[in-house]
S.K.: 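Next up is a structure, given as structure tokens.
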Number of protein chains: 2
Amino acid sequence: MATVYVKGIILNSYKIGGQVKKKVSARSVAFSHTRSRHANETAEDYVEAVMELIEEFGECRVLDLARYFNVSHVTVSRIVKRLHDEKLLRSRPYKPVELTQEGAKLARRVKERHKIVLAFLIELGVDEANAEIDSEGIEHHVSSKTIDAMKNFLNKKT
Amino acid sequence: MATVYVKGIILNSYKIGGQVKKKVSARSVAFSHTRSRHANETAEDYVEAVMELIEEFGECRVLDLARYFNVSHVTVSRIVKRLHDEKLLRSRPYKPVELTQEGAKLARRVKERHKIVLAFLIELGVDEANAEIDSEGIEHHVSSKTIDAMKNFLNKKT
DNA sequence: CATAAACCGTAGCCATTGCTACATTTATAA
DNA sequence: TTATAAATGTAGCAATGGCTACGGTTTATG
Ligand SMILES: [Mn+2]
Ligand SMILES: [Mn+2]
Ligand SMILES: [Mn+2]
Ligand SMILES: [Mn+2]
């Protein structure tokens with residue numbers, strides 16, 4: 001068993017009967033990234049939703065979020081509490097939910113990114129309905145390099 | 001409170017003081033889709049991994065998967081058990097993991113989709129490292145319409 | 001063959017995000 | 001103002017996917 005580092009990534013080679021049998025795995029980096037991105041996903045969607053609901057209706061209630069995401073108000077309530085602890089949201093019992101400065105900053109970044117992904121998919125030729133669905137998931141998995149490439153594509157097209 | 005159905009989607013309008021204050025929300029469809037896609041993500045990644053490891057090394061052990069995904073062997077073991085129950089994998093104690101017919105079929109679909117997403121990002125101008133990372137997450141959020149659009153883009157470019 | 005190393009399973013912990021059922025608070029309306 | 005409706009909170013359950021610790025099984029090697 002030999003452990004080798006390549007570009008900071010652990011590569012494992014297994015010698016069985018004198019010859020190398022297995023090498024695993026630079027690929028694991030991608031999965032670690034994906035898991036980490038999923039860990040931020042709820043926060044990103046929630047601050048974006050809060051910003052949109054406030055813009056549209058002047059305030060954002062727990063039940064608005066429940067309907068926005070199609071989940072129960074209990075699920076929303078618990079997540080709002082967590083994001084309050086993480087200083088992204090402000091919330092008091094029976095009061096509307098608000099964004100902290102940090103939350104608003106994140107929301108603006110996330111909204112911008114979402115808009116680019118959506119516009120990109122539509123420009124690529126995807127119908128709006130599917131573009132809206134797909135972009136809701138894809139937005140959390142695009143690096144800044146990918147966003148740049150999408151912007152580039154959009155600029156060239158117009 | 002009035003509940004209206006548009007294209008099978010529930011739209012809620014709230015009357016406060018006689019006038020409509022809120023409408024929520026066709027957007028919820030996208031989130032429901034995203035949650036459902038995340039629910040399939042582990043299965044998709046695992047059957048793809050099993051197929052790749054078998055192709056590369058002749059067999060797929062629990063520890064190979066652990067290194068492939070960069071998680072503990074315990075996590076793999078539990079997930080393999082679940083996917084065995086779901087008839088996507090075959091597994092017996094201390095034996096290598098194998099694909100069922102159904103699992104192999106899913107793996108082929110998922111591998112093909114992954115290849116398209118990766119090639120697409122690279123063709124779009126994203127460097128390989130970021131393309132590999134991003135595609136690992138994006139692959140689970142592309143509708144068949146989006147895949148078609150990506151294929152189209154790849155054909156035009158060549 | 002015996003021992004060590006590698007592999008794998010199980011127990012049990014945690015965090016997250018779904019849910020229903022029920023209690024409490026706030027807002028609307030009779 | 002009081003009764004009802006709407007909104008919110010709390011208790012408690014489940015599934016999923018992380019983990020460490022520990023013990024059993026299989027394989028490699030001296
Ligand atoms: Mn999203
Ligand atoms: Mn995702
Ligand atoms: Mn993946
Ligand atoms: Mn994949």
Side-chain angles (χ1 to χ4, degrees), chain A residues 1-3 12-19 21-22 24 28 31-32 34-46 49 53 57 59-86 89 91-97 140, chain B residues 1-3 12-19 21-22 24 28 31-32 34-46 49 53 57 59-86 89 91-97 140:
Chain A
M1 181 248 344
T3 301
N12 290 304
S13 322
Y14 301 93
K15 281 174 285 179
I16 295 184
Q19 66 159 19
K21 197 186 172 199
K22 304 183 179 182
V24 177
S28 71
F31 292 102
S32 298
T34 300
R35 283 193 299 272
S36 146
R37 283 166 172 174
H38 280 152
N40 300 323
E41 178 155 345
T42 305
E44 293 176 354
D45 282 337
Y46 270 64
L53 287 165
F57 305 120
E59 65 171 25
C60 169
R61 315 291 315 208
V62 167
L63 271 181
D64 296 332
L65 288 167
R67 295 195 191 92
Y68 188 97
F69 290 119
N70 189 28
V71 297
S72 75
H73 79 277
V74 183
T75 298
V76 170
S77 193
R78 186 161 11 76
I79 290 173
V80 163
K81 191 175 300 169
R82 175 168 75 78
L83 299 179
H84 173 92
D85 293 345
E86 295 176 9
L89 299 180
S91 67
R92 289 160 315 178
Y94 300 98
K95 296 291 181 204
V97 179
H140 309 280
Chain B
M1 184 249 343
T3 299
N12 290 305
S13 321
Y14 303 93
K15 280 172 285 180
I16 295 185
Q19 69 159 17
K21 197 188 170 197
K22 303 181 179 182
V24 179
S28 72
F31 292 102
S32 298
T34 299
R35 282 193 299 273
S36 145
R37 283 167 173 173
H38 280 153
N40 300 323
E41 177 155 345
T42 304
E44 293 176 354
D45 282 337
Y46 270 64
L53 287 166
F57 305 119
E59 65 172 23
C60 169
R61 313 293 313 208
V62 167
L63 271 181
D64 296 332
L65 289 167
R67 296 197 190 91
Y68 188 97
F69 290 119
N70 189 28
V71 297
S72 76
H73 79 278
V74 184
T75 297
V76 170
S77 194
R78 189 161 7 75
I79 290 172
V80 164
K81 193 176 298 169
R82 176 168 74 76
L83 298 179
H84 174 93
D85 292 345
E86 294 176 8
L89 299 180
S91 67
R92 288 160 317 177
Y94 300 99
K95 295 291 180 202
V97 179
H140 309 279

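Naming convention: chains lettered A, B, ... in sequence-line order (proteins, then strands); numbering from 1 in each chain.
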S.K.: Using a strict heavy-atom distance below 4.0 Å, which residues from residues 34-42 of chain A are in contact with DNA chain D?
M.R.: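 Within residues 34-42 of chain A, the residues near DNA chain D are A/Arg35.
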S.K.: Can you tell me how far the CZ atom of A/Arg61 sits from the OH atom of A/Tyr94, to the nearest 0.5 Å?
M.R.: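 Interatomic distance, A/Arg61 CZ to A/Tyr94 OH, rounded to 0.5 Å: 11.0 Å.
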S.K.: Between atom CG in A/Leu65 and atom P in C/dT17, what is the gap in whole Å?
M.R.: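 In whole Å, C/dT17 P lies 14 Å from A/Leu65 CG.
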S.K.: Could you state the atom-to-atom distance from CD1 of B/Ile79 to P of D/dA15 in whole Å?
M.R.: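 To the nearest whole Å, that distance equals 16 Å.
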S.K.: In this structure, how many angstroms lie between the C1' atom of C/dC8 and the CZ atom of B/Arg67, rounded?
M.R.: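 So the two atoms are 12 Å apart, to the nearest Å.
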S.K.: Please list, for nucleotides 23-25 of chain D, all pairs of protein and nucleotide N/O atoms separated by less than 3.5 Å.
M.R.:
| from | atom 1 | to | atom 2 | distance (Å) |
| --- | --- | --- | --- | --- |
| D/dT25 | O4' | B/Tyr94 | OH | 3.3 |

S.K.: Provide, to the nearest angstrom, the distance between the CG atom belonging to A/Asn70 and the C1' atom belonging to C/dC19.
M.R.: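 Atom-to-atom, A/Asn70 to C/dC19, this comes out as 13 Å.
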S.K.: If you assign B/Lys95 and A/Tyr46 each to the DNA chain C nucleotide with the nearest heavy atom, which residue ends up on the more 5' nucleotide?
M.R.: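 Mapping each residue to its closest nucleotide by heavy atoms, the 5'-most match is B/Lys95.
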S.K.: For B/Ser72, give me all partners under side chain to side chain donor-acceptor pair (under 3.5 Å), at least two apart in sequence or on another chain.
M.R.: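 If we apply the side chain to side chain donor-acceptor pair (under 3.5 Å) test to B/Ser72, skipping adjacent residues, the hits are B/Thr75.
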S.K.: For each nucleotide in nucleotides 10-15 of chain C, reading 5' to 3', give B when a protein heavy atom comes within less than 4.0 Å of its base, S when such contact involves only the sugar-phosphate, and - otherwise.
M.R.: BB----
S.K.: Rounding to an integer number of Å, can you tell me how far A/Phe57 CZ sits from D/dA7 P?
M.R.: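 Taking atom P of D/dA7 as the reference, CZ of A/Phe57 is at 13 Å.
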S.K.: If I compare all heavy atoms of A/Ser28 with all of B/Asn70, which pair ends up nearest, and what's the gap?
M.R.: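 Answer, listing the atom of A/Ser28 first, then B/Asn70: CB-CB, 3.6 Å.
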S.K.: Taking the side chain as every heavy atom from C-beta outward, state whether B/Thr34 and A/His140 have any pair of such atoms under 4.5 Å apart.
M.R.: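 Answer no - side chains too far apart.
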S.K.: Among pairs that include at least one residue of residues 37-46 of chain B, which meet salt bridge (charged side-chain N to carboxylate O under 4.0 Å, His left out), considering only residues two or more places apart or in two chains?
M.R.: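 Passing the test, one end in residues 37-46 of chain B: A/Asp134-B/Arg37, B/Glu44-B/Arg113.
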S.K.: Side-chain donor-acceptor contacts of residues 77-85 of chain A below 3.5 Å, not counting sequence neighbours, with atom names and distances?
M.R.:
| from | atom 1 | to | atom 2 | distance (Å) |
| --- | --- | --- | --- | --- |
| A/Arg82 | NH1 | A/Glu86 | OE2 | 2.9 |
| A/His84 | ND1 | A/Leu89 | O | 3.4 |
| A/His84 | ND1 | A/Ser91 | N | 3.4 |

S.K.: Are any of the side-chain heavy atoms of A/Tyr68 and A/Asp64 separated by less than 4.5 Å?
M.R.: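 No, their side chains stay 4.5 Å or more apart.
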S.K.: Atom CD of A/Glu59 to atom P of C/dT26: distance rounded to whole Å?
M.R.: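 Spelled out: CD on A/Glu59 to P on C/dT26 is 15 Å.
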S.K.: Verify the contact: side-chain N or O of B/Thr75 to OP1 or OP2 of D/dG17, cut-off strictly under 4.0 Å; return yes or no.
M.R.: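 Checking D/dG17 against B/Thr75, no side-chain N or O comes under 4.0 Å of OP1 or OP2.
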